[in-house]
Amino acid sequence: MNRTQITELFEIFESVRSNPRSELVYHNSFELLCAVVLSAQATDASVNKVTPVLFARAPDPQTMARMETAAIEEIISSIGLYRAKAGYLKGLSEKLVSDFGGEVPQSENELVSLPGVGLKTARVVLNVAFGRPTIAVDTHIFRVADRIGLSHAKTPNQMSDVLAKRIPERFLKNAHHHLILHGRYVCRAQRPKCHECPVTHLCAFFKKSKYVTK
DNA sequence: CTCCCGATAT
DNA sequence: ATATCAGGAG
């Protein structure tokens with residue numbers, strides 16, 4: 001995909017009004033950080049089901065750091081990978097208090113130093129909570145970018161760097177959100193809705209696809 | 001690379 | 001019945 005096509009792609013995404021059904025619910029950067037950690041291999045709806053209970057019990061890192069891991073597990077047990085995630089939440093809360101004054105840090109290196117926070121989660125927090133032009137490559141973006149032909153990088157982390165260089169700067173801040181929503185509701189993993197897709201004329205996957213009809 | 005691991009969509 | 005879901009640690 002060349003520069004002109006990439007520009008056209010994001011101009012179309014910016015002009016299309018998407019209508020998300022569910023997104024992570026949060027009220028501050030700490031809640032967003034926790035919600036994104038919980039969202040690994042889980043749907044937003046599943047996460048939104050437990051976070052109100054969790055944040056009512058522990059609205060800040062100081063309180064969450066003092067909770068028993070078992071108590072956190074009990075609250076989030078309806079989410080997959082809940083034992084690992086309960087440990088992450090307690091561990092990252094403890095570190096926020098001990099190393100960052102109880103505040104969510106605003107640099108990639110500091111965020112990644114928190115337990116349970118990898119590059120993808122760090123970049124989501126930087127983008128969504130702090131408005132920075134980062135590209136967090138999750139499973140949706142990894143699939144969408146590969147199909148369209150934006151990048152065929154082998155791993156999400158590699159793709160993240162490729163996209164950051166390849167996407168024009170003025171689209172960078174919102175590109176993350178556009179690609180995610182497109183991946184969730186149009187370019188789905190199973191049965192992609194190519195018949196509703198506004199960018200099929202730019203898509204390598206569509207051109208050699210069997211999903212030409214609905 | 002494997003493990004983690006419940007809910008939901010298809 | 002199985003593929004997938006805002007991944008990260010060991």
Side-chain angles (χ1 to χ4, degrees), chain A residues 13 18-27 29-54 69-70 72-95 104 108-147 153-161 163 173-194 196 210-211 214:
Chain A
F13 281 147
S18 49
N19 184 22
R21 283 170 288 199
S22 71
E23 287 188 77
L24 293 177
V25 176
Y26 62 95
H27 302 92
S29 56
F30 173 65
E31 289 192 1
L32 174 67
L33 174 61
C34 293
V36 176
V37 168
L38 290 174
S39 71
Q41 299 299 105
T43 61
D44 286 356
S46 301
V47 175
N48 291 337
K49 195 175 170 186
V50 305
T51 47
V53 181
L54 179 65
T69 304
I72 301 177
E73 283 183 7
E74 192 176 332
I75 293 173
I76 69 171
S77 62
S78 62
I79 302 180
L81 317 181
Y82 70 94
R83 275 186 283 248
K85 289 172 182 175
Y88 296 155
L89 291 184
K90 183 174 174 62
L92 72 85
S93 293
E94 288 172 342
K95 188 156 186 174
V104 177
E108 193 172 285
N109 287 342
E110 290 173 318
L111 284 166
V112 169
S113 77
L114 298 168
V117 179
L119 199 50
K120 179 262 164 182
T121 299
R123 289 180 176 174
V124 170
V125 172
L126 288 174
N127 183 294
V128 178
F130 302 127
R132 288 192 33 194
T134 56
I135 299 289
V137 175
D138 56 34
T139 56
H140 293 303
I141 293 185
F142 192 66
R143 176 183 65 251
V144 170
D146 185 63
R147 281 182 179 167
K154 302 298 182 193
T155 70
N157 286 353
Q158 288 174 15
M159 182 181 286
S160 188
D161 296 331
L163 293 184
K173 186 183 169 190
N174 294 325
H176 164 75
H177 202 242
H178 285 136
L179 289 171
I180 285 223
L181 294 180
H182 185 65
R184 276 198 202 166
Y185 303 121
V186 179
C187 197
R188 305 181 297 189
Q190 304 173 338
R191 293 185 353 174
K193 298 186 193 170
C194 295
E196 293 181 14
K210 299 167 186 172
Y211 299 93
K214 55 180 177 172

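Because only heavy atoms are used, hydrogens play no part in the values below, and waters and symmetry mates are left out as well, while side chains stay in. Lettering of chains follows the sequences in order, A, B, ..., and the numbering in each one begins at 1.
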**Q** Can you tell me how far C1' of dG6(B) sits from CD of E73(A), to the nearest Å?
**A**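 Between C1' of dG6(B) and CD of E73(A): 14 Å.
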
**Q** Could you tell me the separation between the CG atom of D44(A) and the CG atom of L24(A), rounded to the nearest 0.5 Å?
**A**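 Between atom CG of D44(A) and atom CG of L24(A) there are 4.0 Å.
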
**Q** Of all the choices, dT10(B), dC5(B), dA6(C), which nucleotide is nearest to the side chain of L81(A) once you look at every atom?
**A**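 From the listed options, dC5(B) comes nearest.
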
**Q** In whole angstrom, what separates Y88(A)'s OH from dG7(C)'s C1'?
**A**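 Rounded to the whole Å, the gap is 8 Å.
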
**Q** Looking only at side-chain N and O atoms, does T121(A) come under 4.0 Å of OP1 or OP2 in dG7(C)?
**A**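 False: T121(A) side-chain N/O out of range (4.0 Å or more) of dG7(C) OP1/OP2.
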
**Q** Where the side chain of Y82(A) is defined as all heavy atoms beyond and including C-beta, which of dT10(B), dG7(C), dG6(B) is the nearest nucleotide?
**A**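 From the listed options, dG6(B) comes nearest.
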
**Q** Looking at every strand, decide which applies to V117(A) at a 4.0 Å heavy-atom threshold: base, sugar-phosphate, or nothing.
**A**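 It contacts sugar-phosphate atoms only.
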
**Q** Is the count of non-hydrogen atoms from other residues, nucleotides or ligands lying under 6.0 Å from E74(A) atom CD greater than 12?
**A**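 No, because the 6.0 Å sphere around CD of E74(A) holds 12 heavy atoms or fewer from other groups.
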
**Q** Are any non-hydrogen side-chain atoms of N127(A) and R132(A) less than 4.5 angstrom apart?
**A**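 Side-chain contact under 4.5 Å: no.
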
**Q** Kindly say if R123(A) contacts the phosphate of dA6(C), meaning a side-chain N or O under 4.0 Å from OP1 or OP2.
**A**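 False: R123(A) side-chain N/O out of range (4.0 Å or more) of dA6(C) OP1/OP2.
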
**Q** From C-beta outward on Q41(A), which listed nucleotide comes closest to its side chain: dA6(C), dC4(B), dC5(C)?
**A**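 Looking only at heavy atoms from C-beta outward on Q41(A), the closest nucleotide is dC5(C).
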
**Q** Under 4.0 angstrom, heavy atoms only, what part of the nucleic acid is I180(A) near: base, sugar-phosphate, or nothing?
**A**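 The answer is base, as I180(A) lies within the cut-off (heavy atoms under 4.0 Å) of a base atom.
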
**Q** Counting just side-chain N and O atoms, does R143(A) come under 4.0 Å of either OP1 or OP2 of dC5(C)?
**A**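 Answer yes for this pair, as a side-chain N or O of R143(A) is under 4.0 Å from OP1 or OP2.
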
**Q** Just compare dG6(B), dA6(C), dT4(C) and give me whichever is closest to any side-chain atom of A42(A).
**A**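 Out of dG6(B), dA6(C), dT4(C), the nucleotide with an atom closest to A42(A)'s side chain is dG6(B).
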
**Q** Determine the interatomic distance between P on dA6(C) and the same-named atom on dT10(B); round to the nearest Å.
**A**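 Each nucleotide's P atom is 12 Å from the other's.
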
**Q** If you compare every side-chain N and O of S46(A) against the phosphate oxygens of dC5(C) (OP1, OP2), does one of them come in below 4.0 Å?
**A**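 Checking S46(A) against dC5(C): no side-chain N or O falls below 4.0 Å of OP1 or OP2.
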
**Q** Respond yes when some side-chain nitrogen or oxygen of R83(A) is under 4.0 Å from OP1 or OP2 of dC5(B), and no when none is.
**A**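 Looking at the OP1 and OP2 atoms of dC5(B), one of them is under 4.0 Å from a side-chain N or O of R83(A).
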
**Q** Do the side chains of T121(A) and L111(A) get nearer than 4.5 Å, heavy atoms only?
**A**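 Answer no - side chains too far apart.
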
**Q** Please report the distance separating the C1' of dG6(B) from the corresponding atom of dG10(C), rounded so that it comes out in whole Å.
**A**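 Comparing C1' positions in dG6(B) and dG10(C) gives a spacing of 22 Å.
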
**Q** Heavy atoms from C-beta onward define the side chain here; which of dA7(B), dG7(C), dA6(C) lies closest to that of A40(A)?
**A**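 Nearest nucleotide to the side chain: dG7(C).
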
**Q** Please give the distance between the C1' atoms of dT4(C) and dC4(B) as a whole number of Å.
**A**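 Those two atoms are separated by 16 Å.
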
**Q** Do K120(A) and V36(A) come close enough that some side-chain heavy atom pair is under 4.5 Å?
**A**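 In short, these two side chains touch, coming nearer than 4.5 Å.
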
**Q** Using the C1' atom as the point on both nucleotides, what is the distance between dC5(B) and dA3(C), in whole Å?
**A**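 Each nucleotide's C1' atom is 14 Å from the other's.
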
